[in-house]
Asks: 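This is the structure I have questions about; it appears just below.
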Amino acid sequence: MKHLLKAFILLFVSGTAAAQTKTTVAPAEFEKGLQTKGVQLLDVRRPEEFKEGHIKGAILANWQDEKQFQEQAAKLDKSKPVYVYCLAGVRGDKAASWLVKNGFTSVINLEDGIKAWKEAGKPTVAEH
């Protein structure tokens, strides 16, 4: 019975880990995914970068401010997809990894960040 319980726990833990994914996609696929109902969008750049131009509907979660990032992440639904981006992809990838490690089931990072988004002619909004 003791071995059966251990096997069940191992199976449960490995099944849970397999359900958590992090994917990096190009701007066109990222944009398409944003059309899905219930998607959560995080901009993990600094506030001044966010104000210069961000993807409509994005929530600022500054990766370089650990407390602020974790506060914003705590407001998200771990069971719904989270789309993440930064300037060039590095911070977004790190933030996506953190989210998966902390129980988010589906995290999608924008390949090469908002630079690639803009180069692909995708829209942004700026705050003045």
Asks: Can you name the side chain to side chain contact (heavy atoms under 4.5 Å, CB included) partners of N102, sequence neighbours left out?
Replies: W98
Asks: When rounded to the nearest 0.5 angstrom, what is the spacing between CD in Q68 and CZ in R46?
Replies: 13.0 Å
Asks: Would a hydrophobic clustering, with Ile, Leu, Val, Met, Phe, Trp and Tyr connected at side-chain separations under 4.5 Å, put I59 with V82?
Replies: yes
Asks: With rounding to the nearest 0.5 angstrom, report the CD to CD distance, Q64 to E49.
Replies: 7.0 Å
Asks: Quick check on the hydrophobic clustering: are I55 and Y83 connected, directly or via other members, by side-chain heavy-atom contacts under 4.5 Å?
Replies: yes
Asks: Which atoms form the tightest heavy-atom contact between L42 and A61, and what is the distance?
Replies: CD2-CB, 3.8 Å
Asks: Following the transitive rule for hydrophobic clusters with a side-chain heavy-atom cut-off under 4.5 Å over Ile, Leu, Val, Met, Phe, Trp and Tyr, establish whether L41 and V107 coincide in one cluster.
Replies: no
Asks: Roughly how far, to the nearest 0.5 Å, is OG1 of T23 from CD of E111?
Replies: 12.0 Å
Asks: In this structure, would I108 and V44 fall into the same cluster of hydrophobic residues linked by side-chain contacts under 4.5 Å?
Replies: no
Asks: Quick test of your reading of the model: are D93 and K22 salt-bridged, counting only N-O distances below 4.0 Å?
Replies: yes
Asks: A side-chain contact here means heavy atoms from C-beta on lying under 4.5 Å apart; do T105 and K78 qualify?
Replies: no
Asks: Are more than 12 heavy atoms from other residues, nucleotides or ligands located less than 6.0 Å from atom CD of E66?
Replies: no
Asks: Minimum heavy-atom separation for A88 and K115, please, with both atom names.
Replies: CB-CD, 4.5 Å
Asks: When you compare the side chain of H54 with that of V125, does any pair of heavy atoms fall below 4.5 Å?
Replies: yes
Asks: Measure the NZ-CD distance between K67 and Q72 for me, rounded to the nearest 0.5 Å.
Replies: 11.5 Å
Asks: Do W117 and V25 share a hydrophobic cluster, counting only Ile, Leu, Val, Met, Phe, Trp and Tyr and linking them when any side-chain heavy atoms are less than 4.5 Å apart?
Replies: yes
Asks: Which heavy atom of L110 sits nearest to which heavy atom of A26, and what is that distance?
Replies: CD1-C, 4.1 Å
Asks: Please output the side-chain donor-acceptor pairs of residues 27-35 that fall under 3.5 Å, not counting sequence neighbours, one pair per line with the distance.
Replies:
residue : atom : partner : partner atom : Å
E31     : OE1  : K122    : NZ           : 2.7
Q35     : NE2  : E31     : O            : 3.2

Asks: Nearest 0.5 Å, what's the CD-OG distance between Q40 and S106?
Replies: 10.0 Å
Asks: Between A96 and N109, what is the shortest heavy-atom contact and its length?
Replies: CB-CB, 4.3 Å
Asks: Assess the side chains of D43 and Y85: does a donor N or O sit below 3.5 Å from an acceptor N or O?
Replies: yes
Asks: Quick check: closest heavy atoms across G53 and I114, and the distance to 0.1 Å?
Replies: O-CD1, 3.6 Å
Asks: When rounded to the nearest 0.5 angstrom, what distance separates CG in L99 from NZ in K101?
Replies: 12.0 Å
Asks: Through direct or indirect side-chain contacts below 4.5 angstrom among Ile, Leu, Val, Met, Phe, Trp and Tyr, which residues connect to F50?
Replies: L60
